[in-house]
Protein chains: 2
Amino acid sequence: MPTMTAAQRREQARVEYDAFLRSCPTNQLLGRLSDKWVGLAVAALSTGSLRYSDLARKLAGISPKMLTQTLRALERDGLVTRTVTPSVPVRVDYALTPLGTGLADLLKAVKRWAETHFDEVREARERYDADSDTDGTAAVPADR
Amino acid sequence: MPTMTAAQRREQARVEYDAFLRSCPTNQLLGRLSDKWVGLAVAALSTGSLRYSDLARKLAGISPKMLTQTLRALERDGLVTRTVTPSVPVRVDYALTPLGTGLADLLKAVKRWAETHFDEVREARERYDADSDTDGTAAVPADR
DNA sequence: CGGCATCCACCGTGATACTG
DNA sequence: CAGTATCACGGTGGATGCCG
């Protein structure tokens, strides 16, 4: 007999897989893109440098905390530069680096795909939801 | 004077922006991609059709619940097909649709970018972390 | 103006157990 | 084999309040 229960083996597999996923560049990047605000911030900066408060206005619903957090993460990854002008009051500008521009291009590709094929996705959803309705099962509650 | 406090105005902006974001195809797609397992599942299926249990094995650490949830979401969006063969025992196959293949291609582009530029990101991170250390501030605790 | 620390609420995620 | 239902936990994002 094995020295582990099935649950223990799955647990171990999970831990290993998690480690694997964390070290995978693709997944790390995906993680970054999925950070709710990163995509928006990059898009906002893709047309040129912006001040902190300009960004706060462009990304209407964001909280100061998340804006800072997002920008710090992007800065750490070398995707944006942070320029402090020690005037009174202080002025901080953010701009994309060449690397960040590359990310913006990637984002544009995603955007293009999304806009091109979104009708198909919408149709598929409606079909799926309609079928689910008729057979009485609730399935997925409309959206996440 | 305004009839709302600053907090109330931000709150309203947040709600409106949320609605805007939800209706934005790009963001919806980004949301999908960010679902921890979607990328992996699509990658796994990109080489051909697989059974439920095969997927469970390929995505080592996934729980049955998340696997089903992920597959259902993809099916709803018309990205994968679900084929039930009513034998004993039951057999269920999942495969990418043409639309899903398109998504897989997109994912490959992301992967390519990630692998090409990840060194730069890593360097940037090390530089950033080193600088933060020397000036005594803790800043970002290594990663998210 | 720009930023950080603290506290808190929510929900996505996973474990567990049960069904056809 | 292929799920579904229920529960519990932890991380993430938001609100608030204080510094430079």
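All chains are named by letter (A, B, ...) in the order of the sequence lines, taking the proteins before the strands, and each is independently numbered beginning at 1.
- Applying the ring-ring contact (aromatic ring centres under 6.0 Å, His included) test to residues at least two apart or on different chains, the pairs with a partner in residues 19-74 of chain A are A/Tyr17-A/Phe20.
- Comparing A/Val90 and A/Asp18 by the nucleotide of DNA chain C whose heavy atom lies nearest to each, the residue mapping closer to the 5' end is A/Val90.
- Every residue meeting the salt bridge (charged side-chain N to carboxylate O under 4.0 Å, His left out) condition with B/Glu126, not counting sequence neighbours, appears here in chain and number order: B/Arg122.
- At a threshold of 4.5 Å between non-hydrogen side-chain atoms, the residues A/Leu67 and A/Leu59 count as touching.
- Shown for residues 51-68 of chain A: residues whose heavy atoms fall under 4.0 angstrom of DNA chain D, namely A/Ser63, A/Lys65, A/Met66.
- One can place CZ of B/Arg91 at 8 Å from P of D/dA2, the figure rounded to the nearest angstrom.
- Counting to the nearest Å, the C1' atom of C/dG14 and the OH atom of A/Tyr17 are 16 Å from each other.
- Phosphate contact (OP1/OP2 of D/dA2, side-chain N/O of B/Arg82, threshold under 4.0 Å): absent.
- Ionic pairing of B/Arg14 and B/Asp18 is present here: one or more N-O contacts between side-chain nitrogen and carboxylate oxygen are shorter than 4.0 angstrom.
- Near DNA chain D, defined here as any heavy-atom distance below 4.0 Å, the residues from residues 36-45 of chain A are A/Lys36, listed numerically.
- Nucleotide D/dG3 holds its C1' atom 15 Å from the CG atom of B/Asp93, rounded to whole Å.
- Relative to the axis of its first five pairs, the axis of the last five pairs of the helix from C/dC1-D/dG20 to C/dG20-D/dC1 sits at 40°, rounded to 10 degrees.
- Partners of B/Glu123 according to the salt bridge (charged side-chain N to carboxylate O under 4.0 Å, His left out) rule, which considers only residues two or more places apart in sequence or in another chain, do not exist here.
- Residues forming a side chain to side chain donor-acceptor pair (under 3.5 Å) with A/Asp93 (at least two apart in sequence, or on another chain): A/Arg91.
- Residue pairs meeting the side-chain hydrogen bond (donor to acceptor under 3.5 Å, both in side chains) criterion with at least one member in residues 101-110 of chain B: none, sequence neighbours excluded.
- The distance from atom OH of B/Tyr94 to atom C1' of D/dA2 is 8 Å, rounded to the nearest whole Å.
- Sequence neighbours left out, not one pair with a member in residues 64-84 of chain A passes ring-ring contact (aromatic ring centres under 6.0 Å, His included).
- When the C1' atom of C/dC11 is taken as reference, atom CG of B/Asp35 falls 13 Å away, rounded to whole Å.
- For A/Arg22, there are no side chain to side chain donor-acceptor pair (under 3.5 Å) partners, not counting sequence neighbours.
- Residue A/Gln69 contributes atom CD, which lies 11 Å from atom C1' of D/dG14 at whole-angstrom precision.
- For A/Arg51, there are no salt bridge (charged side-chain N to carboxylate O under 4.0 Å, His left out) partners, not counting sequence neighbours.
- Applying the salt bridge (charged side-chain N to carboxylate O under 4.0 Å, His left out) test to A/Arg112 and every residue at least two apart in sequence or in another chain returns nothing.
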